[in-house]
There are 2 protein chains.
Amino acid sequence: MAKVVKAEIDLSTEEKIKEAASKVFTKKGYGNARTRDIAEEAGINLALLNYYFRSKEKLFEIVMGERIQKLFGILTPVLNDKETTLEEKFERITENYINMLIEHPDLPIFVLSELRNDPERFADRLQAKTHLTQSVFVNQLQEKGTKIHPFHFLMNLLGMIIFPFVGKPVLQTVTGGEENYLALMEQRKKLIPEWLNMMLEKA
Amino acid sequence: MAKVVKAEIDLSTEEKIKEAASKVFTKKGYGNARTRDIAEEAGINLALLNYYFRSKEKLFEIVMGERIQKLFGILTPVLNDKETTLEEKFERITENYINMLIEHPDLPIFVLSELRNDPERFADRLQAKTHLTQSVFVNQLQEKGTKIHPFHFLMNLLGMIIFPFVGKPVLQTVTGGEENYLALMEQRKKLIPEWLNMMLEKA
DNA sequence: GTCTATAGCGCGATAGAC
DNA sequence: GTCTATCGCGCTATAGAC
């Protein structure tokens with residue numbers, strides 16, 4: 001009777017480790033991150049880390065999966081919304097992404113650099129090809145009759161949104177501090193959709 | 001007499017190590033790279049690496065400096081050329097960068113991720129702030145009387161050029177292989193300057 | 001200058017007490 | 001489930017022969 005109640009509100013330890021791992025991996029990358037750092041950050045012992053997750057590698061894969069989901073998960077539902085126009089899609093993606101990236105500024109560089117280290121491993125998890133090539137977004141572009149490949153718009157959209165965060169260490173110095181940098185990012189929420197619409201018209 | 005001839009055409013060893021290091025560091029990042037890998041790649045012994053460069057750290061800093069130079073060195077001379085118009089600057093930067101990145105596709109992700117790990121260290125080496133804020137390019141933009149901050153154009157320019165290479169692992173899968181991917185990059189050499197000119201006109 | 005051999009240490013992982 | 005203590009590997013760095 002008594003033993004039935006178990007792992008009910010067990011929001012601790014396992015979740016604490018995952019959060020700590022996420023933090024340390026993001027900051028240092030897989031190679032430079034030490035399991036000892038993660039354990040300390042989580043406020044638990046090193047041995048416990050191997051008790052919950054079998055190894056550093058295993059822990060990393062789990063955390064990594066969630067990060068990838070966060071970075072690309074914003075995209076697909078918006079791209080496949082049949083109710084919105086292209087213009088609205090531009091606005092929503094820009095808004096959502098910039099807000100998310102202001103909160104997690106070094107998410108892209110982490111995901112993209114780890115992705116490069118082992119592209120195969122995450123290929124199926126992304127399923128990017130199907131999500132994009134068969135998306136409502138791509139169809140809507142093709143209906144416009146543009147000669148320019150739909151992916152160019154996607155690259156421009158993501159490039160203009162994400163690159164300023166990837167290059168944050170440099171840009172922040174150039175712009176003169178975090179405050180000015182963030183002000184520019186806020187401006188881009190309105191500017192990027194405008195630029196994309198211009199590209200669309202001329203195409 | 002015989003011993004005088006020495007280290008004349010000694011383009012070997014030291015240079016071989018640097019090239020090997022560059023390759024291995026780029027592929028694996030600092031933390032995951034092993035000095036043994038570098039030694040093997042250079043076709044020399046492990047001890048020799050510490051003979052020429054004092055340590056892994058020291059070797060990394062030297063290689064890193066050259067990489068940063070490669071990535072940002074393209075920009076400054078073009079941005080400060082008084083003889084060319086804005087339109088010509090767009091064209092030259094796009095052309096030069098895309099050509100260079102086709103040869104060294106994972107240079108940006110390497111530089112940017114290592115830069116993030118230790119931004120202070122490379123701050124003075126870049127001198128990005130002076131190079132950019134006082135550039136001919138920025139002046140030319142301000143003369144146009146645009147209300148949009150000059151850095152937005154710079155971010156768009158670099159974002160549209162560099163991002164597709166940062167995201168290469170994903171994009172290559174999506175586009176269906178290296179060949180298609182490269183074809184898109186070739187197209188962008190002409191498209192990106194056109195888009196930037198549009199932004200300029202409307203601003 | 002270039003090698004072999006090894007010192008010295010930090011890491012991930014585990015055994016075993018509680 | 002959580003801890004302490006420790007193993008054993010693989011790394012950087014160096015000593016010393018040639």
Side-chain angles (χ1 to χ4, degrees), chain A residues 1-65 110 114 117-118 121, chain B residues 1-65 110 114 117-118 121:
Chain A
M1 306 294 183
K3 286 196 179 169
V4 176
V5 183
K6 193 181 154 189
E8 280 281 2
I9 315 181
D10 215 42
L11 302 169
S12 35
T13 314
E14 183 163 347
E15 205 57 37
K16 266 163 89 180
I17 294 174
K18 273 168 64 178
E19 245 179 84
S22 178
K23 202 168 172 179
V24 176
F25 280 137
T26 304
K27 192 175 172 190
K28 306 193 174 185
Y30 181 79
N32 292 305
R34 296 173 307 158
T35 53
R36 284 170 163 80
D37 297 338
I38 297 170
E40 192 184 352
E41 176 73 35
I44 54 103
N45 191 273
L46 171 63
L48 216 52
L49 193 149
N50 274 57
Y51 174 79
Y52 281 101
F53 309 86
R54 239 176 55 93
S55 67
K56 177 188 179 183
E57 173 74 16
K58 194 83 182 152
L59 173 59
F60 177 72
E61 285 204 36
I62 288 169
V63 171
M64 191 65 189
F110 170 72
E114 297 294 347
N117 289 339
D118 197 346
R121 186 199 278 164
Chain B
M1 309 293 183
K3 286 194 180 171
V4 176
V5 183
K6 193 180 153 192
E8 280 280 2
I9 316 180
D10 215 41
L11 302 168
S12 33
T13 315
E14 182 162 348
E15 205 58 35
K16 266 162 91 179
I17 294 175
K18 273 167 65 178
E19 243 179 87
S22 177
K23 201 167 173 179
V24 176
F25 280 136
T26 305
K27 192 175 172 189
K28 307 194 173 183
Y30 181 77
N32 292 305
R34 296 172 307 155
T35 51
R36 281 168 163 79
D37 298 338
I38 297 170
E40 191 185 351
E41 178 72 34
I44 53 103
N45 190 272
L46 172 61
L48 215 52
L49 193 149
N50 274 59
Y51 174 79
Y52 281 101
F53 309 86
R54 238 176 58 91
S55 68
K56 179 188 178 184
E57 174 72 17
K58 193 84 183 151
L59 173 59
F60 177 73
E61 284 203 37
I62 288 169
V63 172
M64 190 67 189
F110 170 70
E114 297 294 348
N117 289 340
D118 198 347
R121 187 198 279 164

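Owing to the predicted nature of the structure, the values given are computational and were not obtained by experimental measurement.
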Is there a side-chain contact between [X] and the phosphate of [N], meaning an N or O under 4.0 Å from OP1 or OP2?
X	N	answer
A:N50	C:dT14	yes
A:S55	C:dG12	no
A:Y52	D:dT2	yes
A:T13	D:dT2	yes

Check: A:R34 side chain, C:dG12 base, donor-acceptor under 3.5 Å: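 Check fails, no donor-acceptor contact within cut-off.
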Value in whole Å for how far the [atom2] atom of [N] lies from [atom1] of [X]:
X	N	atom1	atom2	result
A:K28	C:dG10	NZ	C1'	13 Å
A:R36	D:dT4	CZ	P	13 Å
A:E40	D:dC3	CD	C1'	16 Å
B:L48	C:dA5	CG	P	17 Å
A:F53	D:dG1	CZ	P	13 Å
A:L49	C:dC11	CG	P	14 Å
B:N45	D:dC18	CG	C1'	14 Å
A:E57	C:dG12	CD	P	12 Å

5′-ward residue of the pair B:Y51/A:T35 relative to DNA chain C: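 It is B:Y51 whose nearest nucleotide is closer to the 5' end.
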Touch class at under 4.0 angstrom, heavy-atom based, for A:A39 against every strand present: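 No contact.
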Sugar-phosphate, base or nothing in reach of A:L46, heavy atoms under 4.0 Å: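 Base: the residue A:L46, judged by heavy atoms under 4.0 Å, touches a nucleobase.
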Minimal non-hydrogen separation, B:S55 against B:N50, with atom names: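 Heavy atoms of B:S55 and B:N50 come nearest at CA-ND2, 4.3 Å.
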Heavy-atom check, side chain of B:E61 versus side chain of B:K58, under 4.5 Å: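 B:E61 vs B:K58: side chains apart.
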Carboxylate-amine/guanidinium contact A:D37 A:K28, below 4.0 Å: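 Counted as a salt bridge, because a side-chain N and a carboxylate O are separated by less than 4.0 Å.
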Over 12 foreign heavy atoms within 6.0 Å of CD, A:E19: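 Counting other residues, nucleotides and ligands, CD of A:E19 stays at 12 neighbours or fewer.
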Step-by-step ring pair (Phe, Tyr, Trp, His ring centres under 6.0 Å) determination, B:F25 to B:F110: CA-CA 8 Å; B:F25 280 136; B:F110 170 70; 7.2 Å; no
